[in-house]
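Throughout, protein chains are lettered first and strands after them, A, B, ... in sequence-line order, and every chain is numbered starting at 1. These numbers come from the heavy atoms of this one structure, side chains and all, not from hydrogens, waters or symmetry mates.
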Amino acid sequence: MLKLLGAAMVVAASGLCGIVMAGGYSRRPRELRFLRTALQMLETEVVYGATQLAEAMKQVGSRCDDAVGPLFYQAAGELSSLTGVTAAEAWEKSLTNYYPGSALKPQDLLILRNLGASLGISDRDDQIKHLHLAMEQIRAETVAAEEEAARNVKLWSYLGFLGGLMLVLILY
Amino acid sequence: MNKVRQSVPVSNGNEAVNDILPVLPLHIRHMIVNLPKSIKDKVEEIRIRQGRPLVLGFTAEDVFLDPGGRPVRLAVNAYKVTAKDMERLIQLISGSSIYALEEELKNGFITLPGGHRAGITGKAVLERGTVRTLKYFSGCNIRICREVPGAASGLMPYLINKNCKDVYHTVLISPPRCGKTTILRDVVRQISSGIPELGLPGLAVGLVDERSEIAGCYKGVPQLDVGVRTDVLDGCPKAEGMMMLLRSMSPRVIAADEIGRREDVDALEEVLNAGVKVLITAHGSSLADLAERPVMEKIINHKMVDRIVILGRSRGVGTVEKIIDGKSFCSLEVKKC
């Protein structure tokens, strides 16, 4: 009886491990989608509202999902600190802090970095182009990430449970 | 009354230069901060041109700054502004929001917090023959704005009609850089807040500030003290602005800077017909000078105004050289102030 309880616990534990691993894979497409929405909001603020960048970023940061909000919020804070930083520097700094805690991959970071280099330094039309480019790239990454996630989520959740079962069989 | 006065933003003349520090790149900021107080108090403009020396402008002269931030006379010893400095300066001035400032760039200047102005040059981007915006920014002139409360106090008694507690239609005439705008700002402030000593209650003033020079509006809010009863239309063309104020704000006095175009004078006529007092300025050095210009001639010869004030700098910036009665063209006896 005790053995059976132990076996159940092993299966449950390894199954949970599998689900957690799978969750990691589904986090990235989610974050990418939020990022894209956030950039869309930024575009609206910048292009149609002609809002100052610091203010626009603060607005985006407060309105979008918690998963990406801090990125914009911190950049806004840096920009309005009057310490003589440019938008690119503020964005870079915020990105460096945000990246390790996110599920993003280096290629996603690169897209955001490239966007930062052109934030706020040109006229409206140019800003639209840069924002659209970044959004388009993020969309492509999202598609790839979703495919990857679909594969891996299944794989890891099966692997967790089956691995648990195998362990039980070996130990039994 | 006192309480209301306090709520009006007043930039302290001595510390005016500190207002513009946040828009300067860090090392230039340090140079300015470490200047002796005597220089900081007097500096009128900071000229930053890419690849050329950093210049501080004063009323009559200018000096260069060397890399250590010391004032020097020779250009060869001066700190040369780099492309990086320029780029950073523009980013800081615009709050990293060039896209939001297209209208301002078209006019060539941006108003900074505190009412200071940054003039900007670069390459103009044209669209159908008119300037759409600027790019490749190469030069910047930060003009430090110092309001001088009381600059017009000596002048005020001549502009007030004591019998009906009102002001006269007035035109201030002066060559550039003689304190025309400063005087106008102070006249507006005094009329708007009222002058108990002269028996003038505060009057509602409508101010058309086409070039954001008088009230120094930042995001539409006056940064300089233009009085408690003043409505400011910021960045609005004068002729249109005067009509808008006339229709919407029922002012007792309408003030505008640098009248010069035909439509301005037409709008002025409307204002006069509506029984609203006008307070305007014009470029020129004498009455004869003004009477020769086709547009301005109308104001003088049709006796549209009651008081013509000629400014000069014979005793420093903002000297009132002459006050002329607009109806009889007799000079009123004044001691220069």
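- Under a 3.5 Å cut-off, the side chain of Ser97(B) and the backbone N or O of Leu53(A) do form a donor-acceptor pair.
- Here Ile90(B) contributes atom CD1 and Thr86(A) contributes atom OG1; the two are 13.0 Å apart, rounded to the nearest 0.5 Å.
- For the set Ala50(A), Ala54(A), Ser122(A), the count of heavy-atom pairs under 4.5 angstrom toward chain B peaks at Ser122(A).
- Counted within 6.0 Å of CZ on Arg143(B), heavy atoms from surrounding residues, nucleotides or ligands total 12 or fewer; the atom is thus considered open.
- Remark: Tyr158(A) OH is loosely packed, at most 12 non-hydrogen atoms of other residues, nucleotides or ligands lying under 6.0 Å away.
- Within the 4.5 Å cutoff, no side-chain heavy atoms of Ser96(B) are placed close to those of Ile121(A).
- Considering only heavy atoms from C-beta on, Glu89(A) comes within 4.5 Å of Arg88(B) through its side chain.
- Residue-environment remark: NZ (Lys123(B)) stays at or below the threshold of 12 foreign heavy atoms within 6.0 Å.
- The choice from Asp125(A), Thr83(A), Val46(A), Thr51(A) that makes the most heavy-atom pairs within less than 4.5 Å of chain B is Val46(A).
- Among Asp126(A), Val47(A), Val85(A), the residue with the largest count of heavy-atom pairs under 4.5 Å with chain B is Val85(A).
- Heavy atoms of other residues, nucleotides or ligands lying less than 6.0 angstrom from NZ of Lys80(B) number more than 12.
- A salt bridge links Asp123(A) and Arg132(B); the closest N-O separation between the charged side-chain nitrogens and carboxylate oxygens is under 4.0 Å.
- With hydrogens and angles disregarded, no donor-acceptor distance shorter than 3.5 Å links the side chain of Tyr99(B) to the backbone of Leu119(A).
- The structure places CZ of Arg124(A) at 10.0 Å from CG of Leu101(B), a figure rounded to the nearest 0.5 Å.
- Within the 4.5 angstrom heavy-atom criterion, atoms from both the backbone and the side chain of Gln52(A) approach chain B.
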